[in-house]
Amino acid sequence: MADILWQRPWRAVYDASLNDEARSLQDALDQELSISHPLFSEAPKVIGRSTSGDDVVAQMNDGSFALIHLTWQGKPDQIPEKFPAWSRVKTVEHLNSVIAQDAKEYDDEDL
């Protein structure tokens with residue numbers, strides 16, 4: 001993931017097999033995705049998180065990314081095809097621009 005330019009409040013998380021934080025985030029996502037959720041068949045792997053909220057970055061099996069807002073319910077939502085909410089990010093460049101914009105807004109809140 002060397003091409004991703006992580007900026008505060010976003011940061012990388014390491015492989016779930018090596019790190020408790022990554023494992024916890026991956027487990028939460030896996031518990032929330034039901035077979036009717038659009039991301040279920042894409043095998044999302046959590047690679048980053050925002051420290052200012054419940055959002056994670058996951059990489060899909062096709063190499064694209066998704067920004068996912070975890071619900072922390074520990075199970076699929078009552079509307080499992082809609083939640084957890086997410087948006088597709090197709091390229092690293094687009095992901096970097098989303099992170100940069102969020103970082104700017106995050107820094108502006110400190111002023």
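Remember, it's a predicted structure, so these values are computed and weren't measured experimentally.
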Problem - E81: side chain to side chain donor-acceptor pair (under 3.5 Å) partners, not counting sequence neighbours - result: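 Here no residue qualifies.
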Problem - For S41, side chain to side chain donor-acceptor pair (under 3.5 Å) partners two or more places apart - result: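 Per chain and number, S41 pairs via side chain to side chain donor-acceptor pair (under 3.5 Å) with no residue.
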[X] vs [Y] side-chain heavy atoms within contact, under 4.5 Å:
X: Y106; Y: S50; result: no
X: R11; Y: V13; result: yes
X: R23; Y: D20; result: yes
X: K82; Y: D77; result: no
X: L95; Y: I4; result: yes
X: W86; Y: L33; result: no

How long is the span from the [atom1] atom in [X] to the [atom2] atom in [Y], to the nearest 0.5 Å?
X: S34; Y: I79; atom1: OG; atom2: CD1; answer: 11.5 Å
X: E42; Y: Q59; atom1: CD; atom2: CD; answer: 11.5 Å
X: L5; Y: E93; atom1: CG; atom2: CD; answer: 9.5 Å
X: T51; Y: R8; atom1: OG1; atom2: CZ; answer: 8.0 Å

What are the two closest non-hydrogen atoms of [X] and [Y], and how far apart are they?
X: V56; Y: W10; value: C-CZ3, 4.2 Å
X: W6; Y: I47; value: CZ2-O, 3.8 Å
X: Q26; Y: V46; value: OE1-N, 2.7 Å
X: A103; Y: P9; value: CA-CD, 4.2 Å

Practice task
Look only at the side chain of E32 and the backbone of T71, and say whether a donor-acceptor pair between them is shorter than 3.5 Å.
Solution key: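 Checked: pair present.
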Problem - Shared hydrophobic cluster, L29 / I35 (ILVMFWY, side-chain heavy atoms < 4.5 Å) - result: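 Yes, it is one cluster - the side chains of L29 and I35 are joined through contacts under 4.5 Å.
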Problem - Same cluster (ILVMFWY, side-chain, under 4.5 Å), M60 and F40 - result: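 In one cluster with M60: F40, yes.
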Return a table of donor-acceptor pairs under 3.5 angstrom between the side chains of residues 61-70 and protein atoms on other chains or two or more places apart.
from: D62; atom 1: OD1; to: S64; atom 2: N; distance (Å): 2.9
from: D62; atom 1: OD1; to: S64; atom 2: OG; distance (Å): 2.7
from: S64; atom 1: OG; to: R88; atom 2: NH1; distance (Å): 3.0
from: H69; atom 1: ND1; to: D55; atom 2: OD1; distance (Å): 2.7

